[in-house]
Amino acid sequence: MLERYAARFSCVEVNSSFYRSHHPTTWTRWGAIVPDGFRFAVKVPRAITHERRLVGCSDLFARLLDETSGLGRKLAVLLVQLPPSFDYQSHVAEDFFLELTAATPARVVCEPRHPSWFETAPDRLLARLGIARVAADPARSPAAAIPGGWAGLSYRRLHGSPVIYRSPYGAERLAATRRCSRVSSGELSRRGVSSIILRRSRPLATHSRSASDCFRLMGRHANHKIARVRRLGPNTRLSCHSARHLTTERPSQ
């Protein structure tokens, strides 16, 4: 399935790593069956973000980086999604992100959900540390819908709204997203990095709508690759992704 997906598309976000570890040989096999230019975004385990809440996590992200080492340069992004109750604490955030970015050449993106993260101080901290803030939909606040932090990477996670995982976006909303992407990518295009991700989950009836949304969204971006993938099982999910020039080069600080 991944081999077929990668033949048409350039990146994928691995969400299962948030819930459980994968054996190193699994990551190595995934890396081996995709083209050289294919890239992985890997969600950081919830043990780091939700249980230890970014404190004393050296052993956990060392384990993650060891497990995923078989991906090599194909590991492009580590996604740190914080719980809605996790308010901004400057010393905790700075210590964690400094240690994590020093441990990996992959880019790091953060999806905070507590309102305190969308103030000026945390945005400046993320920008200084080279951490891009995710633009999410549905957004818990207006600021959460806009990319923030380091301006060298735009990472969008679009899950469907107003009903998460179910609502189609439709042509009008997708046209607005395209316009926002062009505006936010003005500076990004000079640095050569941008990313957009659409995701859907159950029921299976939403799959065709998700694919249609993805094709509509990317209709004016001919240089993007596009595909759809279905993972069978109790948590069946369709993911449609697009990315441009996603690399593992360390951002200049």
Side-chain angles (χ1 to χ4, degrees), residues 13-21 40-68 75-159 161 164 184 187-188 191 193 195 197 199 246 248-253:
E13 179 187 290
V14 180
N15 189 64
S16 56
S17 54
F18 179 74
Y19 299 99
R20 64 186 183 277
S21 295
F40 291 83
V42 174
K43 194 171 181 180
V44 167
R46 60 182 173 182
I48 292 175
T49 56
H50 289 55
E51 295 172 17
R52 296 196 188 177
R53 299 172 78 87
L54 308 189
V55 176
C57 300
S58 301
D59 59 326
L60 294 180
F61 62 68
R63 176 183 175 183
L64 175 65
L65 295 174
D66 181 64
E67 290 173 349
T68 59
L75 174 58
V77 171
L78 292 176
L79 166 63
V80 179
Q81 184 191 60
L82 302 178
S85 61
F86 195 147
D87 62 329
Y88 174 67
Q89 302 165 47
S90 60
H91 62 289
V92 172
E94 183 165 13
D95 289 349
F96 172 80
F97 285 119
L98 278 173
E99 188 171 9
L100 180 58
T101 54
T104 176
R107 300 185 186 278
V108 177
V109 301
C110 180
E111 184 180 359
R113 290 179 284 178
H114 190 277
S116 61
W117 281 85
F118 302 99
E119 310 256 339
T120 301
D123 195 64
R124 287 178 176 172
L125 175 68
L126 294 176
R128 176 167 60 84
L129 299 180
I131 311 296
R133 194 187 72 224
V134 171
D137 186 75
R140 292 174 177 268
S141 67
I146 304 170
W150 182 61
L153 173 62
S154 176
Y155 196 105
R156 298 175 184 270
R157 304 184 83 227
L158 312 180
H159 294 79
S161 63
I164 191 169
S184 64
E187 175 65 20
L188 300 178
R191 304 187 191 196
V193 182
S195 173
I197 297 178
R199 304 182 56 193
L246 194 57
T248 53
E249 295 175 7
R250 170 65 62 196
S252 59
Q253 306 240 350

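Side chains included, hydrogens not; waters and symmetry mates left out as well; all remaining heavy atoms used. For reference, positions follow the sequence shown, starting with 1.
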Would you say that [X] contacts [Y] through its side chain, given a criterion of any heavy-atom pair below 4.5 Å between the two side chains?
| X | Y | answer |
| --- | --- | --- |
| Leu75 | Val42 | yes |
| Val108 | Val77 | no |
| Glu99 | Asp95 | no |
| Phe96 | Val80 | yes |
| Leu78 | Val109 | no |
| Ser154 | Pro147 | yes |
| Arg63 | Ser21 | yes |

Got a salt bridge between Arg157 and Glu111, using NZ or NE/NH1/NH2 to carboxylate O under 4.0 Å? yes

Determine, for Arg52 against Asp59, whether the closest basic-nitrogen to carboxylate-oxygen distance falls under 4.0 angstrom. yes

What's the separation between atom [atom1] in [X] and atom [atom2] in [Y], rounded to the nearest 0.5 Å?
| X | Y | atom1 | atom2 | answer |
| --- | --- | --- | --- | --- |
| Leu126 | Trp150 | CG | CH2 | 12.5 Å |
| Leu60 | Arg46 | CG | CZ | 13.0 Å |
| His114 | Ser85 | NE2 | OG | 7.5 Å |
| Cys110 | Tyr155 | SG | OH | 12.5 Å |
| Ile48 | Phe18 | CD1 | CZ | 10.5 Å |
| Leu54 | Leu100 | CG | CG | 9.5 Å |

If you apply the rule side chain to side chain contact (heavy atoms under 4.5 Å, CB included), what do you find for Leu125 with Phe97, and how did you get there? CA-CA 10 Å; Leu125 175 68; Phe97 285 119; 5.8 Å; no

Verify whether one side chain among Gln81 and Thr49 offers a donor that lies under 3.5 Å from an acceptor in the other. no

Between Arg53 and Phe86, is NZ or CZ placed under 6.0 angstrom from the six-membered ring centre and within 45° of the ring axis? yes

Between Thr104 and Thr101 (side chain of the first, backbone of the second, donor and acceptor by atom type, cut-off under 3.5 Å), is there such a pair? no

Donor-acceptor contact below 3.5 Å, side chain Ser17 vs main chain Lys43: yes

Return the minimal non-hydrogen interatomic distance between [X] and [Y], and the atom names on each side.
| X | Y | result |
| --- | --- | --- |
| Leu82 | His50 | C-CE1, 4.2 Å |
| Ala143 | Arg133 | O-NH2, 3.2 Å |
| Ile146 | Ala135 | C-CB, 3.7 Å |
| Pro112 | Phe118 | O-CZ, 3.4 Å |
| Ser116 | Tyr88 | OG-N, 2.7 Å |
| Trp117 | Asp87 | NE1-C, 3.5 Å |

